[in-house]
Amino acid sequence: MSKPKILFQLDPAANASTFDSVVAIDSGIDHLVHHSHVTIENIEGLVHGAMFTRGPDDLKSTALFFGGDNVEQTEKIVERAIKCFFGPMRVSLMVDPNGSNTTAAAAVLSAEKHVELAGKTVTILAGTGPVGQRIAQIIAHQTSKSGSKPATIRLCSRKHSKADEVCGYLKSQCTGGRFEPTQTADANETIAAIAEAEIIFAAGAAGIELLPESWQLLGQLPSIAIDLNAVPPAGIFGIDVMDKGTERRGAICYGAIGVGGLKMKIHKRSLASLFESNQQVLQVHEIYEIGKSL
């Protein structure tokens with residue numbers, strides 16, 4: 001008889017995410033256990049508690065979910081957690097701080113419904129944030145796998161120095177992709193950043209308009225425009241939050257809720273897959289592949 005499915009929701013923040021809790025419960029687990037204020041210093045005890053309370057054959061029924069609102073902090077905790085595993089003594093884990101991995105996977109997959117990414121010019125507005133970086137990682141990785149011409153990825157930030165720093169980091173992490181640090185300190189620079197781009201993503205903070213109305217006056221609009229901001233005003237002027245492959249002035253548009261349905265499916269399927277074995281480590285590329293299989 002199989003053991004009940006237990007998911008430990010591990011969050012560095014003061015309060016574990018209610019969003020992540022609801023999705024976990026809806027994914028069909030039996031027991032959800034929250035831990036907030038998770039740190040590099042206390043993660044070992046939490047992981048050992050999950051590992052050593054069940055025999056190797058039953059460890060597939062225990063899993064860890066790492067959330068939080070500070071992506072860099074969470075990733076450092078995950079690195080430490082993985083070092084706790086040895087031999088068969090391990091449990092599966094999923095990493096999705098701030099929903100960055102599942103959102104990025106859903107955004108890229110939405111674009112791929114309409115175009116091949118290889119060889120395309122892609123602009124990612126607010127690209128130095130967690131979701132923007134992961135969109136860039138997925139695109140670079142997927143186009144390098146195809147053996148085709150890599151995508152040109154314009155990674156945008158209000159400060160060129162920040163864009164340049166993040167592009168340098170991504171180049172060290174990715175085998176494919178051509179990264180172009182791009183400053184978007186004002187509307188004119190932002191319009192210039194999307195000129196001749198076939199695909200644009202807006203991955204900024206909630207309620208911040210990144211692309212003004214004048215983008216619709218360009219002689220050649222991008223083929224696809226995806227806005228991931230769910231809080232008014234839209235990140236890309238003229239895109240409705242409910243857009244899902246909606247054509248607007250010749251561009252295929254997605255809003256945050258239009259992408260969000262796929263994001264939720266990816267999130268739930270990823271959680272369910274944790275209990276198929278105790279070997280799963282689901283980070284950005286693994287989560288993308290799960291989304292691709294849906």
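This chain uses plain numbering: 1 for the first residue, then up along the sequence.
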Apply side-chain hydrogen bond (donor to acceptor under 3.5 Å, both in side chains) to residues Arg54 and Thr62 and explain how you reach the verdict. CA-CA 9 Å; Arg54 287 175 163 176; Thr62 302; 3.0 Å; yes

Residue pairs passing the side chain to side chain donor-acceptor pair (under 3.5 Å) test where at least one lies in residues 234-259, sequence neighbours excluded: His114-Tyr254, Asp243-Thr246, Asp243-Arg248

For Phe52, the ring pair (Phe, Tyr, Trp, His ring centres under 6.0 Å) test, sequence neighbours excluded, returns His48

When you measure from the side chain of Asp58 to the backbone N and O of Gly55, does any donor-acceptor pair fall under 3.5 Å? no

Measure across Pro56 and Met89 and return the closest heavy-atom pair with its distance rounded to 0.1 Å. CG-SD, 4.1 Å

Ignoring hydrogens and angles, tell me if any N or O in the side chain of Thr182 forms a donor-acceptor pair with the backbone of Glu180 under 3.5 Å. yes

By side chain to side chain contact (heavy atoms under 4.5 Å, CB included), Arg269 pairs with (sequence neighbours left out) Ala272, Ser273, Glu276, Ile290, Leu294

Testing the basics here: between Lys268 and Ser27, what is the closest heavy-atom pair and its distance to 0.1 Å? O-CB, 4.0 Å

Please say yes or no: joined through hydrophobic side-chain contacts below 4.5 Å, possibly via intermediate residues, are Val108 and Val122 part of one cluster? yes

Any side-chain to backbone donor/acceptor pair from Thr74 onto Gly67? Under 3.5 Å, distance only. yes

Side-chain heavy atoms nearer than 4.5 Å, only ILVMFWY residues, links allowed to pass through others: does that put Met264 and Leu228 together? yes

Are the side chain of Thr143 and the backbone of Gly119 linked by a donor-acceptor contact shorter than 3.5 Å? no

Please report the interatomic distance OG(Ser2) to CG(Asp57), rounded to the nearest 0.5 Å. 12.5 Å

List in chain and number order the residues that pass ring pair (Phe, Tyr, Trp, His ring centres under 6.0 Å) with His285, two or more places apart in sequence or in another chain; answer none if no residue qualifies. His141

Drop me the distance from Ser100's OG to Gln283's CD, to the nearest 0.5 angstrom. 10.5 Å

Looking at every heavy atom in both Phe275 and Ser61, which two are closest together, and how far apart are they? CE2-O, 3.6 Å

Kindly assign one of parallel, tilted or perpendicular to the pair His267 and Phe65, based on the angle between their ring planes and the thresholds 30° and 60°. parallel

If you round to the nearest 0.5 Å, how far is SG of Cys174 from OH of Tyr169? 8.0 Å

Arg90 side chain vs Gly87 backbone, donor-acceptor pair below 3.5 Å: yes

How close do Ala105 and Ile287 get, counting heavy atoms only, and between which atoms? CB-CG2, 4.3 Å

Examine Phe8 and Ile25 and state if one hydrophobic cluster contains both, with Ile, Leu, Val, Met, Phe, Trp and Tyr joined whenever side-chain heavy atoms are less than 4.5 Å apart. no

Tell me whether Asp96 contacts the main-chain N or O of Thr102 through its side chain, where contact means a donor paired with an acceptor under 3.5 Å. yes

For Thr123 and Cys156, which heavy atoms make the closest approach, and how far apart are they? CG2-SG, 3.7 Å

How about His37 and Thr39: do any of their side-chain heavy atoms sit closer than 4.5 Å? no

Atom SG in Cys84, atom CD1 in Ile43: separation rounded to 0.5 Å? 7.0 Å

More than 12 foreign heavy atoms under 6.0 Å from CD of Gln173: is that the case here? yes

To the nearest 0.5 Å, how far apart are CG in Leu109 and CD in Glu289? 9.0 Å

Side-chain donor-acceptor distances from residues 193-201 under 3.5 Å, at least two apart:
unit_1: Glu198; atom_1: OE1; unit_2: Thr121; atom_2: N; d: 2.7

Hydrophobic cluster identity match, Ile257 and Phe237, side-chain contacts under 4.5 Å: no

If we only count heavy atoms from C-beta on, is the Lys292 to Gln142 side-chain gap below 4.5 Å? yes

Asn101 CG to Ile135 CD1 distance, which is reported to the nearest 0.5 Å: 11.0 Å

Whether Trp215 side chain and Ile236 backbone form a donor-acceptor pair below 3.5 Å: no

Would you check if the side chain of Ser157 reaches a backbone N or O of Gln183 as a donor-acceptor pair within less than 3.5 Å? no

Are any of the side-chain heavy atoms of Asp186 and Glu189 separated by less than 4.5 Å? yes

Examine distances only and state if a side-chain atom of Asp11 and a backbone atom of Ser17 form a donor-acceptor pair shorter than 3.5 Å. yes

Take Leu271 and Val23, measure what side chain to side chain contact (heavy atoms under 4.5 Å, CB included) needs, and give me the verdict at the end. CA-CA 9 Å; Leu271 287 171; Val23 180; 4.1 Å; yes

Kindly indicate, with the supporting measurements, whether the criterion salt bridge (charged side-chain N to carboxylate O under 4.0 Å, His left out) is fulfilled by Glu79 and Lys83. CA-CA 7 Å; Glu79 288 178 13; Lys83 290 178 181 178; 5.7 Å; no

Which pairs, with at least one residue in residues 111-138 and sequence neighbours excluded, count as a salt bridge (charged side-chain N to carboxylate O under 4.0 Å, His left out)? Glu75-Arg134

After noting the C-alpha distance and the side-chain angles of Leu93 and Ile82, does the key distance pass the side chain to side chain contact (heavy atoms under 4.5 Å, CB included) rule? CA-CA 9 Å; Leu93 63 86; Ile82 291 173; 3.8 Å; yes

Are Asn15 and Ser36 packed together at the side-chain level, in the sense that at least one heavy-atom pair is separated by less than 4.5 angstrom? no

Indicate the atoms forming the closest heavy-atom contact of Ala107 with Val259, along with that distance. N-CG1, 3.8 Å

Is the side chain of Asp227 donor-acceptor paired with the backbone N or O of Asn229 at a distance under 3.5 Å, no angle test? yes

Note, Lys60 side chain near Ser92 side chain (heavy atom, < 4.5 Å): no

Examine Val131 and Leu125 and state if one hydrophobic cluster contains both, with Ile, Leu, Val, Met, Phe, Trp and Tyr joined whenever side-chain heavy atoms are less than 4.5 Å apart. no

